[in-house]
Amino acid sequence: MPESRPASHPLALAPVTAPPRTADAFARRFLHNLNFARGVALSASSASDRYLALAHTVRDYLTAHWLEDVRRQKETQAKAVCYLSAEYLLGRQLDNDLLAAGLAEIAAEALASCGVDLDELRDQEVEPGLGNGGLGRLAACFIDSLATMAVPSIGYGIRYQYGIFRQTFVDGQQVEQPDAWLALGSPWEFARPEDAQTIGFGGCTETYDDDGVERSRWVPAWNVQAVPYNYMVPGFQNGRVNTLRLWSAVATDAFDLRIFNSGDYEEAVRAQTFAENISKVLYPEDSTPQGKELRLQQQYFFVAASLHDFLDTMLSDGFDLAALPERVVFQLNDTHPVIAVPELMRVLVDERRLDWDDAWEITRRCFAYTCHTLLPEALEVWPVELLGRLLPRHLEIIYRINDEFLDSVRERFGDDERLVRDMSIIAEQPVRSVRMAYLATVAGAKVNGVAELHSQLLRDRVLHDFDVFFPEKFTSVTNGVTPRRFLRLANPELSSLITAAIGDGWTTDLERLRELEPYADDAEFRAAFAEVKAANKRRAGETLRARDGIDIGDGHLLDVMVKRLHEYKRQMLKVLHVVTTYEGVVSGRVAAEDLVPRTVIFGAKAAPGYAMAKRIIHLINAVGEVVNADTRLEGRLQVVFPPNYTVTLAERVIPAADLSEQISLAGKEASGTGNMKFALNGALTIGTDDGANVEIRELVGDENFFLFGMSEPEVSDLAARGYRPEEFVQADAGLRRAIDLIASGAFAHGDRSVFEPVVSNLLHEDRFMVLADYASYISAQERVDAAYADQDAWIRSAILNVARTGFFSSDRSIRDYIDRIWHTPPLA
Ligand SMILES: *Cc1c(COP(=O)(O)O)cnc(C)c1O
């Protein structure tokens with residue numbers, strides 16, 4: 001029912017205005033918010049009060065633009081991107097919003113005039129960790145670029161009450177703590193309970209006669225309320241502010257007074273607890289689907305709420321649904337939101353009473369799908385039993401989509417039942433299940449991989465039959481990262497140096513970093529660049545000391561591997577390099593003084609149920625403990641592992657790095673985005689020919705990249721011939737010594753059993769061929785040492801890495817999505 005709108009006061013007709021952009025006005029607004037929103041005087045305020053008042057003040061400056069953009073998007077009915085993602089790994093908001101609003105200096109001056117320390121307030125913010133790793137961070141980079149490029153768009157996701165766990169180490173082993181990021185207040189969000197959607201689950205379907213037409217309807221057994229929380233997504237200094245809308249689940253009858261009055265308090269809150277569980281926690285899985293009922297509930301919950309929200313609130317009155325594909329594109333960030341496909345069909349056919357064929361024509365033009373993996377075990381499937389119990393009507397719709405699709409396959413290819421079985425959206429083994437990637441591929445207007453190599457492997461392997469069937473459907477968009485957060489905010493000194501050389505246009509036109517190329521040959525610039533790198537190392541050192549009590553070596557080569565812990569990413573290979581170096585010195589074969597001093601920084605969370613990943617974390621900590629304490633190394637090799645790798649930590653560590661470790665087995669890392677952040681900050685990459693490493697190397701040049709390891713075809717060949725890891729151990733004395741040292745218990749106080757599963761897995765299975773790439777990796781690391789000894793040449797390479805990787809801006813990714821998939825021009 002349309003709500004009544006209040007009669008306007010004349011003042012409400014004037015546009016909403018921001019406070020004046022002066023330090024004085026900013027300070028006044030800050031104090032006002034402290035007094036009236038927090039209810040404290042400055043002299044009595046806590047750092048948290050001051051942070052919250054500051055956040056509200058920044059918000060006050062952005063709101064006018066935001067309201068204007070919301071109005072403009074509705075009024076113009078321009079085609080919009082709805083980015084559907086179960087994860088957004090946002091990082092801290094304060095500095096991002098200050099930069100976007102162009103308020104950084106004004107705020108600093110204003111706070112100083114109040115005697116308030118801005119650095120202290122920054123540290124109050126708990127980053128919203130609503131994602132696991134690369135996929136969630138990509139979504140966050142994309143909404144930043146969409147706003148900066150003024151593309152009509154809205155991001156939809158889930159407001160998890162607990163984000164990614166906080167990692168601690170106890171005796172070197174990972175222990176997970178809940179991430180209560182909302183506990184101290186969440187000043188960046190606007191709750192809109194009045195815009196809630198009701199989302200059904202379970203129940204049954206019925207058919208009925210609708211004036212001679214047989215129709216279906218779904219009668220859910222229970223439902224929950226989806227309450228939206230709006231977040232502003234400011235573009236970079238362009239007066240644009242987009243919306244990120246995250247859904248929170250609450251019970252429909254939050255408080256059943258009748259039951260409560262009868263004395264059954266537990267029963268009254270039970271329904272509430274059950275409903276609220278849906279948005280309670282982020283699944284801390286990365287690269288593997290977690291086959292849990294609650295996860296499917298989360299997925300349907302957020303995409304149903306988002307679809308209905310868009311259809312109910314964004315379309316003009318009397319909108320003709322046949323024109324929906326000209327009005328919106330729903331981008332599916334991996335398979336998590338794919339249940340939106342049958343949901344749109346259900347809305348169009350059951351609720352809006354369109355013909356099936358017309359509804360399908362609309363649906364298949366409204367969706368596009370981004371695939372993020374190559375690991376077969378990471379392709380999401382839902383057992384039919386579960387899907388049918390939770391979403392019975394959706395299962396019927398999926399069956400019909402599949403039947404019609406398989407009919408068309410038979411029509412084209414004849415009755416090749418093996419092919420039909422292979423392409424079916426329904427898998428029969430091991431249990432009857434829905435293959436979500438296939439559903440997305442059949443329904444999506446476009447399917448994209450996230451780097452050139454990945455997209456090619458999708459077409460050649462994972463979705464080969466579909467590529468033959470729909471050759472026009474497949475495309476590629478290489479991932480990117482936002483230069484606002486990962487260069488401007490993370491590396492202010494390098495940013496200033498770049499701007500001093502080539503002006504500041506690069507922030508929104510990152511290819512202009514090319515203009516730095518000649519500076520690689522300018523000795524003065526090289527010296528300034530080296531000084532920036534040294535300053536960033538000091539800054540990272542201060543952060544690690546304050547945060548974790550870790551000291552990092554002065555003047556060391558900083559060798560950094562930060563990313564989720566997964567066997568395919570091969571942190572084990574890095575461990576073997578460290579152990580090899582260590583073993584060389586303690587056995588006396590290498591003199592400590594011949595080592596190029598190095599500090600190796602690891603950062604990685606393991607999924608709580610991923611036992612091998614957790615053992616590897618334990619091993620890294622154990623190796624670090626022994627290596628760091630052994631005086632025979634004369635402090636020339638250090639291994640540190642700060643716990644709880646987050647966006648905030650990434651912003652500190654990456655600008656300080658000399659060497660970026662991107663060492664996944666070729667053909668396993670879809671793209672990587674960490675690799676891009678490092679190159680843009682002037683770290684040299686040691687990496688395999690995998691994911692976007694391929695493109696990085698092509699751009700920076702072989703001489704500025706340490707390539708090693710098998711190529712993807714070589715990996716496939718070896719797998720086909722039969723990979724036997726023991727053969728590599730037998731053939732390589734250095735490898736044997738390293739593995740023997742781990743097996744001996746040297747890193748476990750002599751206890752051989754602790755790391756036996758790790759060693760045994762390497763020797764007998766080694767799914768990701770760590771041992772096959774070991775020799776090549778070690779010799780590449782020797783090239784690194786040799787190259788680092790020539791500091792002038794190294795800095796030159798580092799500058800060229802910065803100058804040549806502007807391609808990896810997420811603005812370029814978004815431009816590619818617009819040209820190849822979305823066709824949504826920026827809004828003037
Ligand atoms: C960029 C980023 C990632 C992705 O790193 P990869 O090396 O591409 O796996 C993961 N986590 C955080 C916090 C990041 O900032």
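In each ligand, atom 1 is the first atom listed, and ligand 1 is the first ligand listed.
Considering only non-hydrogen protein atoms, atom 7 (O) of ligand 1 sits nearest to K563 NZ, 2.7 Å. The nearest protein atom to atom 5 (O) of ligand 1, hydrogens excluded, is given as G674 N, 3.7 Å; this is a heavy-atom distance. Nearest to atom 2 (C) of ligand 1 among the protein's heavy atoms is K677 NZ, 2.4 Å. Scanning the protein heavy atoms around atom 8 (O) of ligand 1, the nearest turns out to be T673 N, 2.8 Å. Here the protein heavy atom with the shortest distance to atom 12 (C) of ligand 1 is Y645 CE2, 3.6 Å. Atom 9 (O) of ligand 1 has K569 NZ, 2.7 Å as its closest protein atom, hydrogens excluded (heavy atom only).
Proximity to G134 (heavy-atom distance under 4.0 Å) selects the following atoms of ligand 1: 3 (C), 4 (C), 10 (C). If you number the atoms of ligand 1 from 1 as listed, the ones under 4.0 Å from a heavy atom of G133 come out as 10 (C), 11 (N). The distance from ligand 1 to the heavy atoms of V647 drops below 4.0 Å at these ligand atoms: 13 (C). Every atom of ligand 1 is numbered from 1 in the order shown, and the set under 4.0 Å from a heavy atom of G672 is 8 (O).
The six-membered or imidazole ring of Y231 lies away from that of Y88, with a centre-to-centre distance of 6.0 Å or more. Two rings, from Y610 and H566, have their centers less than 6.0 Å apart.
Between D123 and R92, at least one side-chain nitrogen of the basic residue sits less than 4.0 Å from a carboxylate oxygen of the acidic one, meeting the salt-bridge criterion. Under the 4.0 Å criterion applied to side-chain N and carboxylate O atoms, K533 and D658 are not assigned as salt-bridge partners. Salt-bridge check for R484 with D811: passed, with a basic side-chain N closer than 4.0 Å to an acidic carboxylate O.
Legend: residues meeting ring-ring contact (aromatic ring centres under 6.0 Å, His included) with Y788, ordered by chain and number and at least two apart, are W794.
With a heavy-atom cut-off of 4.0 Å, T646 touches ligand 1 through its backbone alone.
Not one N or O on the side chain of K605 forms a donor-acceptor pair closer than 3.5 Å with the backbone of N644.
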Carefully, step by step, assess K614 and E176 under the rule salt bridge (Lys or Arg N to Asp or Glu O under 4.0 Å).
CA-CA 11 Å; K614 289 180 136 180; E176 301 93 23; 2.8 Å; yes
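For the side-chain contact (heavy atoms from CB on, under 4.5 Å) test with E87, the passing option among N132, I158, I164, L130 is N132; the others fail.
Within the structure, the closest approach of M676 to ligand 1 does not fall below 4.0 Å when heavy atoms are considered. Within the 4.0 Å heavy-atom shell around ligand 1 one does not find R564.
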